[in-house]
Structure formats: C-alpha cells, structure tokens
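Taking it in order: structure first as structure tokens, then the write-up.
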Amino acid sequence: MKMIQKCLFALLLIGSIQALSAQEQSMAIRYVVTHNWTKKMAAVDYISKQERERMSYIWGSRSEWSSYTNLFMDGQRSKYEESEEKFDDDDFGYNWRKDPFFISRNFEAGTFQDLLTVQGKPYLISDSIRVQDWKILNDMKEVAGHVCMNAVLYDSVKMQRVVAWFALDMPFPGGPERYYGLPGLILEVNINNGGMIIVADKIEPKILEKELELPKKIKGKRVNETEYQEVLKKFVADKRKAEESPFWGIRY
Amino acid sequence: MKKLLLVFLLLSSWTFLHAQNRVTIKGTVADTAGADLSFATVMLLNPSDSTLVNFTRADDKASFTFKNVKNIPYLLKISYVGYIPFQKYLPASTTEVNDLGALPMRMINTELSEVVIKAARSTLSFKGDTIEYDAASFKVPPGSTVEDLLRRLPGIDVDADGNIKAQGRDVNRVYVDGKTFFGDDPKAATKNLGAETISKVQVYNEKSDQAKLTGVDDGKREKALNLELKEEFKKGSFGKITVAGGTEDRWASRGNYNRFNSKEQFSIIGYGNNVNETGVNWEDYGEFKGQSSFSDRDNGDFGFQNGGGGYYIVMDGDGPMNYFDGRGFTENYGGGLNYNFDDKKSKFNASYFYNQTELTLDQTGFRNTFTPQAAFLNTDTLSKIDFRGNHSLSTRLEHNIDSNNVLIVRASGRYNKGDNRLLQDQLFYGDQTLIRGLEMDNQADQESWRVQTSAIYRHKFKKKGRTFAASAGYNANASDGQERLQSLNRFFEATTFTQQVQQLNQNQNGAQQIKSSLLFTEPINKKWFWETFFNYSDNRNLVTRRTTNPLDENKRVDSLSVWFDNQIGYQRAGTSVRFSHNGANISAGLAAQQIRIGGKYAVEEGAPLLVPALTRDFSNIVPYLDLNYEFANNTWVNASYTYSVKEPSLTDLQPMPNVTNPAFRVEGNPNLTPARSHDLNAGYGFWNSANQSSLHIGGEFQRFENQITYNQTIEVIDSIGFRTTSRPENISGGFSVGSYLWGSFPLIKTKLTANISGNIGLSNTPSFVNSVRNETSNQSYGIRPGLNLNLSSTLILGASADFGYSNIKYSIQTDQNQEIYNYGLDGSLRWQLVSKTFLESNLNYKRFKNERFNFDQSVPIWNASIRRIIGKANRIELRLAAFDILNRRVTITQNATQNYVVNNVAGTLARYYMLSASYNLRGYEIKLKKNNHW
C-alpha cells in the first residue's frame with residue numbers, strides 16, 4: 001500500500017514539475033565534492049570515541065580531498081557525472097582511475113538509470129522514481145548565489161544523515177548524487193556531518209547537446225532499485241561485522 | 001420515515017467518506033501588506049515529523065492548488081525569498097475543497113533579508129519565535145569577543161557600554177549552552193568569551209522573572225540570548241601514565257599528556273625503563289606529534305619521481321623511536337615537548353626531544369674465512385657497553401601565502417654525545433688447531449652536532465596545471481671524538497711471543513652541504529604534461545684523524561694519520577613528459593648529470609699531499625621511464641626503469657687504513673668511480689573487495705655496470721697471523737633480483753582469513769679474494785603462511801609459520817658452499833575473559849640451522865599477560881605480564897657473504913614477570929580490536 005502511495009506521489013510530483021518547468025532553460029552545474037575520511041570514520045559505529053578523537057588529532061586538516069562533478073539538466077531530465085577537470089595540481093599530476101558512473105533522471109517519464117560500482121562490480125539500476133523521505137527544516141542560506149532552504153534525510157542502509165540545501169528559485173526536483181525530490185534544485189549536500197560535502201560552485205545556462213545521453217553500450221549487472229539496495233545492505237552488514245570501513249568499495 | 005432516515009444517513013456518511021478520501025487545497029500567498037507573492041514554494045508536510053508529502057509552486061497570480069490529495073492533517077509550509085517561512089497546521093478538511101484564502105507572509109526585516117540574500121553562506125533559521133544565527137557566517141577579526149560578534153548580527157544592537165538590544169528590546173539574560181554564565185550580568189559572557197568559541201547565537205522571548213517565580217504568566221516577555229559553544233572548541237586533553245615493576249630488577253614507566261583546541265596542540269611525553277624499549281612506539285609517537293606526524297610536501301629534491309606523492313611519517317634522522325635489534329640489555333630514558341598550530345592558512349610545529357640509551361652486550365660467535373687456497377676459522381667473544389644521548393630540536397612552518405603560493409620552511413638541530421667500551425677476544429684456528437689469540441680493549445667517546453635547514457616554495461600560475469617550485473637547503477655537521485685502542489696478540493705455536501699494540505686516535509670531522517632544486521610543469525593539454533627540473537648540490541667534507549702510539553712516547557703514526565678535504569659536486573638537468581588520464585600514468589624522460597669529485601690528502605693539515613690533488617668528473621645521460629596503470633576491477637600494474645649513478649661514499653674514498661682491530665684492516669680508495677646500474681622494477685596487484693582477497697606481486701632487477709665491492713686480501717703477517725684487509729674497488733658485472741608476494745584470502749567470511757607472503761632473492765656478486773675473482777651466488781627463499789581466526793568478538797586467534805632457506809655458492813672454494821635454514825612458528829591468542837578482563841598470550845618458536853657448521857639451535861619464546869580494567873570510566877588498567885616464561889631467549893644472526901660466514905649468538909633479556917598499573921584520562925576500550933587499519 002505504502003508503495004502505491006509513493007508511486008502516486010511520484011506521479012503527482014512529476015506532474016507538478018512538468019507544469020512548473022516547461023519554460024526552464026537547460027543548465028550545467030559544477031559541484032565541488034570534498035571528502036573527509038576522519039569525519040567519515042567518526043560516523044562508523046564500531047570505533048570507540050577514543051579512537052575517533054585520536055584519528056582527528058593526528059590527521060586533522062590533512063584528511064580532506066576534493067574533486068569536481070557535473071550535473072546537466074533540462075526541464076525534465078538530468079544527468080550527473082564525474083568531471084574531467086582536475087581540482088588540484090598538488091597531487092603531482094597523478095590521475096586515478098574512475099569507476100564507471102552516472103546518475104540519470106527522467107522526471108517526465110518518472111524513470112531513472114544509474115550506473116554505480118559496488119566492490120569493483122558495476123550495476124546498472126533502472127527503475128521508476130520513488131519518493132525520498134525528506135524532512136523540511138527551517139534554515140536558510142545562500143549557495144552559489146541562490147537562497148536555499150534545508151531538508152534532511154536518513155539513509156538507513158548506508159547509515160547516513162543527509163542534509164540538503166535546495167534553491168527556492170530553481171524549481172527543479174533534481175540534485176547531485178542520488179538526491180532528488182525537493183521543491184528546488186539541490187545545491188548543497190552534507191553527509192554525516194562533513195564526511196562528504198557537495199557544494200555547487202558554478203551554475204550556468206548551457207545548450208545541451210549530448211550531455212544528457214547515456215552511452216550506447218553499458219557494462220553492468222542489470223538490477224532494479226530493490227535489488228540494488230539488497231546488495232548495499234549485504235555489503236554494509238559484512239563490513240561492519242568485520243569491523244572494516246563500510247565506505248571503501250562503494251560510492252559514499 | 002425510517003427509510004428516509006437511512007437514505008439520509010447513507011448519503012451523509014457517503015459524503016463524509018468522500019470528504020475523508022480526497023481533497024483539494026488551495027489558497028493565495030500575499031505579504032502582510034496584501035501584495036501577491038508570485039511563484040512562492042508551497043509544501044505539504046506530515047505534521048508529526050515534517051516529512052515532505054507534496055509540493056507545488058504558486059502561479060503568477062500567487063495562487064496555488066493541490067488537487068485531489070489525501071484528506072489528512074498537513075503542515076502547510078510556504079517559503080519565499082526575503083520572507084519568514086510561513087507555517088500553518090491544516091486539520092483534515094470537512095469540505096471537498098479546502099480554500100485557505102489569502103495566507104500572509106511576514107517580510108524578514110530589511111537588515112535580515114539582506115543577510116539572507118546577499119551575504120555569502122550566511123545562515124539564519126527560525127524555530128518558532130527563536131531566531132538562530134550561525135556564528136561562522138559572520139566574520140570577525142581573530143581575538144574578537146562575543147560582543148564584537150553580536151555587533152555584526154542584523155537585528156542586534158550593542159551600545160558603547162555593552163548593553164544588548166535585540167529587535168529593539170533589551171536583552172536581560174545571556175546563557176551559555178543554556179546555562180547562566182557567571183551570575184546575572186549579561187555582559188559577563190559577551191565581554192569575556194572569545195567569538196571563535198561560539199557556533200550559534202539564539203535570540204528568543206522568555207517569561208519574566210516575576211512570572212517564573214510566581215508561576216503566574218503575566219504575559220510579559222523578555223528577550224534572552226543563548227550562546228552555543230562550538231563542539232570542537234570545547235577544549236580537550238588526554239593522556240596516560242604507566243608504572244611497572246618486575247622480577248630481575250626490571251622496571252618501566254611511560255607517560256604522555258596532550259592538550260588541544262581547534263587550532264593548537266601541545267603535548268609532553270616521557271619514558272624510562274630497563275626492558276629494552278629504546279624509544280616510543282608508533283602509536284605514542286603519532287599522538288606526540290599530532291597533526292605534524294605526517295607530511296606530503298617536504299621533499300625538495302624535484303625530478304623523476306613517481307606519481308602519487310603520498311604521506312610519510314616525518315622523522316628527523318634517528319628519531320626517538322624504538323629501534324632495539326634484539327641483542328643485549330638496555331637502560332633507556334627520554335622525553336620531549338611538541339607544539340602544533342594550524343589555522344588552515346599556516347601550519348607551525350616545534351618539537352624538542354631528548355633520549356638516551358645505555359647498551360650492555362655480550363655476544364659469542366664465529367667467522368669462517370677462506371681464500372682460494374686456504375680457510376681459517378675464528379671465534380669471537382665480545383662484551384660492550386655503549387652510551388648514547390641525543391638532544392634534538394625541530395621546527396617547521398607551512399604558510400599558504402594565498403591559494404596560489406605556498407612556502408615551507410624547516411629547520412632542525414641535533415646534539416649527540418656518546419661513549420663506548422668494547423672488550424673483544426678472538427681465537428684463530430687453522431686446521432682445527434689454535435694458532436693465535438687476540439685480545440682487544442677499545443674505548444671511544446664522541447660529541448657531534450648537526451643542523452639541517454630547507455625551504456620550498458611552490459607557485460601555481462593562472463593557467464591550470466602550470467606550476468613552478470624552487471627549493472634550497474643548507475646542512476652542516478661536525479664531530480669531535482677520541483678512540484683508545486689496545487690489543488694483545490698471543491701466538492700459541494711460538495709460545496713465548498706476544499705482541500702489544502696501542503693506538504690513540506683523535507678524530508675531527510666536519511661537513512657542509514648546500515643544495516637547491518627547481519621544477520617547472522607545463523600542461524600541454526588535459527592529459528599531457530611537460531616537466532623540467534634542475535638539481536644542484538655541493539658537499540664539502542673535512543676529516544682529520546691523528547693517530548699516536550702511547551707505547552712510543554705518543555708519537556704520531558704517519559701510516560694511520562690522515563687529513564683530507566673532499567668535495568662532491570652534483571648537478572642534474574632533466575626533462576620529461578607525462579601522460580595522466582583515467583588511471584594511466586606514464587612518464588618518460590632524460591637527464592644530463594655531472595658528478596665532480598675532488599680530494600686532497602695529507603698526513604695532517606698543511607703537510608705535503610700524499611697523492612696529487614684529485615679532481616674527477618663523471619658525466620652521464622640518464623634515461624627514466626615509469627608506468628602505472630589501473631585496470632577496472634581494482635587491478636593495477638606498474639613498471640619503471642632508471643639508470644642509476646651513485647657517487648662513492650666518503651669513508652670509501654679515504655686513502656688511509658682504519659685499524660681498530662689489527663686482524664681486520666679496512667682501507668679506503670681515493671680512485672673510486674661512481675657505481676652505475678640499470679634498475680628495473682615491476683609490480684602487479686589486485687584487490688577483490690567482494691570477497692576481500694588481495695594479492696601483490698613485485699620484483700626488482702638490478703644489473704651493475706660497475707659496482708663498488710670490498711675486495712679481501714688475506715695474508716699471514718708474522719706479527720699478526722692471518723690478516724684480512726678489505727678495500728673498496730670498482731668491479732664490473734653482478735646482478736641482483738628481488739621479488740616479493742603478499743596475499744590475503746578469506747576462508748570463512750569475517751571469521752577466518754588466510755594470508756601468505758613470500759620472497760625470492762637471487763644475486764651474483766663478484767669480488768676479488770687475494771686477487772682471484774670470486775663470484776658469490778646467493779639464492780634465498782622465504783615463505784610465511786598465516787591464519788587469523790575471529791572465533792567471536794571476545795576471542796581472536798592467530799597462527800603463522802615462516803620458512804627461510806639460503807643457498808650460498810662460491811666460485812673459488814666450492815667446499816665452502818653454505819645452506820642456512822631458519823624456521824619459525826607463531827601462535828597468538830587474545831581473549832576477553834569477562835567484560836573487563838583480558839588474557840593475551842603469544843608463543844613463538846624459532847629454529848636456526850647450518851649443517852656445514854653443525855649448528856642447530858631452537859629458541860621458543862612464550863609471553864602471556866592478563867589485564868583488568870577498573871573503574872566506572874575505565875581509566876585504570878592493571879596488568880600482570882610474564883615474558884619469556886620458558887627462559888630461552890637469545891638472539892641469533894646468521895650471515896654469509898663474499899668469502900666469509902658469520903654466526904653470532906647474543907644474550908638478551910630472558911624470563912621476567914612484571915606488574916603494571918596504568919591510568920588513561922580517556923579510558924580504556926572494553927573490547928578486542930579486530931583490525932588495526934582504518
């Protein structure tokens with residue numbers, strides 16, 4: 001029953017978006033993604049308080065790294081992917097291999113296709129868009145020139161508390177990573193108190209050519225969202241049991 | 001009538017049901033003055049937890065409609081830029097259309113709205129009638145008080161006397177974390193607390209004191225202010241102290257204490273013991289150094305470096321770490337202070353450490369030496385007392401001038417004082433008969449100091465990827481020492497003949513180094529880069545040794561005294577191209593390098609030169625290649641090739657012999673040329689995260705074009721007997737191959753893991769023994785399988801074995817070929833007996849075997865300890881430990897090279913029991929840790 005309700009809401013949501021954003025232009029948004037592994041570790045439950053404090057005492061500000069990602073969107077569709085652009089020149093020019101990855105949403109059709117890697121194995125997840133249980137809060141702040149309101153979400157599978165800031169003046173229900181479904185475009189996301197922070201730093205109108213298209217051939221196991229969540233659940237449970245970080249091997 | 005009633009009831013219940021089912025909610029959004037607010041965001045939330053249920057946007061006429069939504073209670077929320085978010089509770093509607101009419105929104109007062117709209121990243125939130133300010137969004141100069149911060153907050157006024165008004169009304173109460181701060185004066189907190197300690201400022205209405213006192217709400221409200229402290233700013237401290245005493249007069253104590261806040265870290269550490277802990281362990285050292293433990297940017301020697309950069313522990317020479325090699329008994333003391341500052345723009349560290357160790361060593365062993373014609377054996381018994389004390393001081397500053405310019409400056413100094421006394425007895429046998437005995441009594445003391453400084457500057461140009469870096473360094477050291485050598489040589493075949501030798505050496509050494517490097521990186525495009533670098537260094541060394549003979553009126557011994565002035569200059573200019581894209585990182589380059597060696601040698605300074613002053617130049621073009629490739633599925637390969645040219649070491653160049661033992665002379669060779677070799681390196685690794693298995697295989701191959709080896713000349717000197725003289729010389733040929741393997745495989749997921757590591761080494765080293773070329777071939781194999789069993793969260797077991805085999809073959813005397821075996825078995829147990837009591841035990845068995853010398857010895861070592869954590873906060877730990885319960889510990893080393901085989905057995909700390917008590921401010925953990933990695 002709950003499922004049906006959610007689908008219904010998703011339909012409603014889609015309907016309202018269509019109405020709202022028919023005349024919206026297409027855009028490209030660049031986000032800065034900053035990881036902080038001592039803060040990621042701080043959210044892990046098998047580590048004692050002493051050890052967490054010790055980690056941040058020794059590593060402090062040296063445990064951060066950043067990269068760029070891009071979100072392309074027109075009124076109905078969006079695609080989020082890693083950027084080719086390097087964030088910093090300090091890492092001696094070394095270029096790491098990136099996992100195959102994209103997040104694509106079609107709010108018009110109410111469907112999505114995401115390519116994500118779990119433990120080195122790619123999964124192509126296709127399903128209909130479902131509701132995320134956002135709770136709307138009252139804070140306001142400005143991100144990249146737009147006034148935003150905040151909302152929180154708890155991901156019980158990855159055990160993450162997600163705080164999102166959505167723009168009041170950009171009525172598009174998309175956002176970075178797998179976050180969507182708020183009354184405005186999500187411009188900032190803070191997961192587990194700074195473990196990973198995604199902040200929009202460049203928002204530009206852009207005539208999209210092939211940016212929203214998916215590659216013709218995609219390698220990856222075809223699954224639906226429920227199956228994918230099962231894979232994640234098992235991964236996190238195994239890692240916690242072995243007392244190993246449950247975030248190396250999946251996208252945070 | 002009844003029927004009519006029924007119909008009516010049915011009808012009304014139908015409408016009621018219908019009304020329950022679906023509803024349309026509509027309304028318009030206007031401001032308090034009645035103006036339409038077009039395109040406002042309108043949301044329906046679940047009133048119990050604010051979950052978003054539906055949303056829409058008002059149209060250009062500011063009206064909105066939710067059609068056909070479930071008729072349940074909602075929290076209606078409307079937001080509009082510049083207005084306080086509107087919230088209204090909507091009970092389930094009784095009508096089909098719930099028309100809310102005009103919904104008024106209040107404008108945030110002008111100042112506030114400016115903050116919301118303009119100020120970058122400022123946060124304001126509204127919780128009921130509380131306005132919350134995010135303090136971090138309002139910049140105040142460092143050192144400001146809360147009062148200065150409040151002056152910047154829109155809607156708050158602070159007058160010259162510090163009286164506070166919020167939204168035009170007096171603030172009579174200031175709380176800190178909800179508690180009154182030093183009595184009733186609201187200014188006590190705002191004038192005394194630093195602005196940087198505050199995370200949030202909340203302004204709200206509070207009932208008057210009168211109302212609070214009487215419990216009768218008189219309706220009056222006063223403005224109150226609450227200051228929320230930053231989580232990380234809540235200053236912290238941690239530390240622990242341990243004292244322990246045991247049987248056999250064993251004792252140990254160690255302690256450390258750290259204080260920190262968000263910018264500064266201060267720590268103090270100290271230790272003392274006679275249980276062979278010569279320094280601090282990694283964990284304590286990490287806590288001592290805090291944020292300055294690791295650094296990734298301190299290498300100023302640019303050029304031809306592999307990608308990745310990476311973090312490494314910063315160590316200043318032989319730092320205060322535990323380095324005990326297992327031989328002998330030591331008594332150790334040490335302590336230090338460390339200070340770190342980090343405000344993101346600058347990082348500063350200053351550190352001081354003193355440590356001292358006194359080693360008492362008794363060792364017996366034998367050495368078998370052979371020449372193309374003969375072989376002889378000597379036993380060696382030595383007894384040594386060695387004292388060393390070091391003071392070291394280091395500082396480092398990393399300053400981000402702006403986002404494009406970084407400067408790193410480091411300076412460190414070290415002072416060392418040491419003395420030792422060595423008593424050594426050697427007996428020489430030829431064909432099983434004792435020929436000769438050599439007794440030595442050597443004493444030495446030395447003082448030395450060292451200064452190291454360096455600066456690195458990095459600049460990023462506007463063009464992305466274009467960078468420039470420059471570094472410079474100055475290092476100097478000096479030492480002053482004295483050696484008193486005495487030896488007595490007895491010849492058993494000529495029974496009456498003994499010979500006594502005495503030497504007194506005065507040694508003075510000094511060295512200075514200046515170095516500098518430049519690096520320029522130019523991006524060709526997003527994937528290709530071009531690097532150019534230049535390195536320069538200039539070393540000057542001055543060595544003076546004056547040897548006198550106390551048996552001959554302290555006259556100088558010219559054959560052993562030396563003064564030399566040596567200079568080594570190094571220059572390298574190189575260029576390389578690099579390709580970096582999606583896991584492929586390939587560099588190839590060429591460099592031209594020049595090594596210039598100059599030397600002047602005399603018996604003493606000012607005396608005529610022993611050999612004409614040397615100046616020699618070696619110029620080479622050196623290629624370089626480095627490949628790294630990451631495949632999908634966590635598999636990677638790497639390979640590299642370098643042509644290495646290495647200048648001879650200073651002691652190798654010294655022309656005069658060093659004779660601390662008359663039977664073993666070490667000479668230098670001023671004619672040495674740099675060693676040259678082709679070095680190849682390759683590796684492969686994979687990590688399967690799905691089943692947690694991993695494997696790494698790697699190898700390196702080194703082919704010498706020219707290497708420096710110590711050639712041996714063994715001769716019978718009438719006054720000494722067999723005398724071995726070794727002298728470094730350049731020899732062409734020779735190779736070495738090293739390979740390793742490391743893997744880990746789960747057998748039962750999260751319970752049982754197997755791991756294996758192994759290595760294979762093959763080498764061929766040519767050298768001359770009595771002018772005959774001897775090829776020593778050495779094959780060594782090692783394999784170490786292990787198992788790790790997590791039976792439960794309270795019982796963890798480990799088992800491992802190791803097997804090592806070396807086969808050494810000599811081309812000149814095949815009957816000297818050796819086979820050396822080392823076996824080992826190790827079992828460990830960690831058991832949480834009851835909640836706060838832990839049992840830990842380890843059994844290690846080692847066997848050393850060399851058939852040619854009938855050597856076969858087993859060493860089993862068994863340690864066990866039980867510890868209990870006490871107290872509510874788990875701060876106290878009592879531990880009873882038994883070390884080497886079987887009382888069998890000795891340290892054995894076996895080694896075979898060139899034309900000799902050495903086997904030594906050293907005594908060390910054996911069985912003792914120890915009771916220790918520890919206090920930890922943070923408390924001890926009440927669980928077994930499964931992993932030590934993160």
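Residue numbers begin at 1 in each chain, while the letters A, B, ... track the order of the sequences. Worth knowing before you read on, the calculation uses all heavy atoms, side chains too, and leaves out hydrogens, waters and symmetry mates.
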Looking at Lys464(B) and Lys86(A), would you say the former's side chain and the latter's main chain have a donor-acceptor pair under 3.5 Å? yes

CG (Leu137(A)) and NZ (Lys77(B)) are apart, to the nearest 0.5 Å, by 7.0 Å

Of all heavy-atom pairs between Arg57(B) and Pro183(A), which one has the smallest distance, and what is that distance? NH2-O, 4.3 Å

Roughly how far, to the nearest 0.5 Å, is CD of Gln265(B) from CD1 of Ile58(A)? 9.0 Å

Most contacts with chain A, counted as non-hydrogen pairs under 4.5 angstrom, among Asn920(B), Ile926(B), Asn582(B): Asn582(B)

In terms of heavy-atom contacts, does CD of Glu227(A) have more than 12 from other residues, nucleotides or ligands at under 6.0 Å? yes

Nearest heavy atoms of Gly181(A) and Phe55(B), plus distance in Å: O-CE2, 3.7 Å

Of Leu75(B), Thr51(B), Leu44(B), Leu52(B), which meets side-chain contact (heavy atoms from CB on, under 4.5 Å) against Ile136(A)? Leu52(B)

Which answer fits Phe66(B), side chain, backbone, both or neither, if we ask what part of it has an atom under 4.5 Å from a heavy atom of chain A? neither

Nearest-0.5 Å distance, NZ of residue Lys135(A) to CG of residue Asn46(B): 7.5 Å

Among residues at least two apart in sequence or on other chains, which ones pass side chain to side chain contact (heavy atoms under 4.5 Å, CB included) with Glu630(B)? Tyr94(A), Trp96(A), Arg97(A), Trp636(B)

Please classify the contact between Gln87(B) and chain A as side chain, backbone, both or neither, with a heavy-atom cut-off of under 4.5 Å. side chain

If every non-hydrogen atom of Tyr57(A) is compared with every non-hydrogen atom of Arg259(B), which pair is closest and at what distance? OH-O, 4.4 Å

Non-hydrogen atoms of chain A under 4.5 Å away: do they reach the side chain of Asn634(B), the backbone, both or neither? side chain

Mark yes when over 12 heavy atoms from residues, nucleotides or ligands other than Lys219(A) sit less than 6.0 Å from its NZ; otherwise mark no. no

Are there over 12 heavy-atom neighbours, none belonging to Asn193(A), within less than 6.0 Å of that residue's CG? no

Taking every heavy-atom pair that is under 4.5 Å apart, which of Ser79(B), Gly290(B), Ser793(B) has the most such pairs with chain A? Gly290(B)

Lys234(A), NZ atom: more than 12 neighbouring heavy atoms under 6.0 Å: no

Might you confirm whether atom CH2 of Trp65(A) has over 12 heavy atoms from other residues, nucleotides or ligands at distances under 6.0 Å? yes

Most heavy-atom pairs under 4.5 angstrom with chain A, which of Asp59(B), Asn258(B), Asn340(B), Thr753(B)? Asn258(B)

Per-residue contact mode, Phe631(B) against chain A (heavy atom under 4.5 angstrom): backbone

